[in-house]
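Quantities reported herein were computed from a predicted structural model and do not represent experimental measurements. To find a chain, count down the sequence lines: A is the first, B the second, and so on, and within it residues start at 1.
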Amino acid sequence: MRPTEDIEKRIKNVYIVIDSESNKRVFSNILQAFQKSKAKESTPTGLNIHRIILKSPISKLAAAVIIVAISFFVIHQGPDEQAGTTTVSKATKSPVEMMTALSLERAFRRGGIKAVENQCEQALKLLGSRIASLSYKELLSEFNGS
Amino acid sequence: MLDDKLLVWKLNRGKINALSRIYEKYRDDLLRLAAALLNDIGDAEDIVQDVFIGFAQSAGQFQLTGSLKGYLATCVANRARNRNIAAHRRRADRWNGNGPVTPNFETPDQWLMDGEELRQLSNAMTQLPYEQREAITLHLYGGMKFREIGVLQKVSIKTTQSRYRCGLDRLRSILKSEVQK
């Protein structure tokens, strides 16, 4: 063994003897301090959760992701779906667009059959009173967007 | 390291057996460290007890960023350094009056029992400059890297390594000459 390793080993392994009674006394002092700190630590659950989130980096990240997801959902939900109104979607412009199957389905989801009826009425109003001059074929082809 | 992280995690959640396990795991090395730095068993015991009490009081908020052993060893070393500075001042006052103070190895209700090997090592350590003593004890008993010891001593890694090597060489020759006597 090299001299350095020899002296290192000698220093590291220097023999010590611990008195068991004194050891118990010392540990009980340490335990007392531990239990006092535990008693001080008992705070209301709300504050504990707050501290848990702020202490752990993973909790902070998870809380941030949840907040962003909720914000995204709230912002992109749109006022129509939230309010549950039966107004015609502002995205549709022409009567043809308003009468496509997709548009009518959306209207139904928003406000049921009443919303579909309203949308049809709106579309017809926009078309104007041309019933006399339009054939059924022309009317249907216009409604279907072709 | 993972074992220590788990123990600290359990300690922060109020598990007494985690505290007991940490205490049993590091008590002996911390006592050796303190005794080697101070050459006074009573002071060494006080410091190690204070460090464990402080650690127990921090349970619940303690965040382990490095090595637990290194953290506890640093606490012991800092307190030992302060105790040494205070002891030097007292000794300087006494030199002016009543002569040198002999190291204290006998105290009532002793936790760390004095042994021949420990006394020999402590006496040899007192013949080293304090920085060399600290570098050796923190590396061997605290398990600290030279870079970490350098940060504590506010010197470069090379200086720490040099202190360590020179300290060991000197210790070897002191202990060899003790044997030859």
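Taking all atoms of both residues into account, the shortest heavy-atom contact from Tyr15(A) to Leu118(B) is O-CB, 4.2 Å. Closest non-hydrogen pair, Ile30(A) versus Ala56(B), comes out as O-CB, 3.6 Å. Between Glu117(B) and Val14(A), the closest heavy-atom pair is OE2-CA, 3.4 Å.
Leu64(B) and Leu19(B) fall within a single hydrophobic cluster, where Ile, Leu, Val, Met, Phe, Trp and Tyr are joined by side-chain heavy atoms under 4.5 Å apart, directly or via other members. Criterion: ILVMFWY side-chain heavy atoms under 4.5 Å apart, direct or through other members. Under it, Leu104(A) and Phe108(A) are part of a common hydrophobic cluster. Ile157(B) and Val151(B) fall into different hydrophobic clusters, defined by Ile, Leu, Val, Met, Phe, Trp and Tyr side-chain heavy atoms under 4.5 Å apart, directly or through other members. Hydrophobic cluster membership differs between Leu128(B) and Ile85(B), with clusters built from Ile, Leu, Val, Met, Phe, Trp and Tyr side chains linked at under 4.5 angstrom. Taken together through direct or relayed side-chain contacts under 4.5 Å among Ile, Leu, Val, Met, Phe, Trp and Tyr, Phe55(B) and Trp9(B) form parts of separate hydrophobic clusters.
The structure places CZ of Phe27(A) at 7.5 Å from CD of Glu24(B), a figure rounded to the nearest 0.5 Å. The distance from the CZ atom of Phe62(B) to the OG atom of Ser37(A) is 13.0 Å, given to the nearest 0.5 Å. Atom-to-atom distance recorded for Lys38(A):NZ and Ile16(B):CD1 is 4.5 Å, nearest 0.5 angstrom. The CG atom of Leu168(B) sits 5.0 Å away from the CD1 atom of Ile11(A) when rounded to the nearest 0.5 Å. With rounding to the nearest 0.5 angstrom, the CG atom of Leu140(B) is 5.5 Å from the CD atom of Glu8(A). In this structure, the separation between NZ on Lys12(A) and CD1 on Ile136(B) is 13.5 Å, given to the nearest 0.5 Å.
In this structure the side chain of Val26(A) reaches within 4.5 angstrom of the side chain of Tyr23(B), judged on heavy atoms.
Remark: Arg13(B) CZ is packed, more than 12 non-hydrogen atoms of other residues, nucleotides or ligands lying under 6.0 Å away. The environment of Lys15(B) atom NZ is sparse: at most 12 non-hydrogen atoms of other residues, nucleotides or ligands sit within 6.0 angstrom. Residue Lys145(B) places its NZ atom among 12 or fewer non-hydrogen atoms of other residues, nucleotides or ligands, all under 6.0 Å distant.
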| task | Show your working on side-chain hydrogen bond (donor to acceptor under 3.5 Å, both in side chains) between Gln49(B) and Arg25(A) and close with a plain yes or no. | result | CA-CA 10 Å; Gln49(B) 188 177 208; Arg25(A) 179 180 42 82; 5.0 Å; no
| Step by step, would you call Arg27(B) with Asn23(A) a side chain to side chain contact (heavy atoms under 4.5 Å, CB included)? | CA-CA 10 Å; Arg27(B) 178 200 58 207; Asn23(A) 189 49; 3.1 Å; yes
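Neither the backbone nor the side chain of Ser58(B) comes within contact range of chain A; no heavy atom of the residue lies under 4.5 Å from a heavy atom of that chain. For chain A, the nearby part of Tyr141(B) is the side chain; its heavy atoms alone come within less than 4.5 Å. Contacts between Leu11(B) and chain A at a heavy-atom distance below 4.5 Å involve backbone atoms as well as side-chain atoms. Heavy atoms of Gln32(A) lying under 4.5 Å from chain B are absent altogether. Residue Arg165(B) does not touch chain A at all, counting heavy-atom pairs closer than 4.5 Å.
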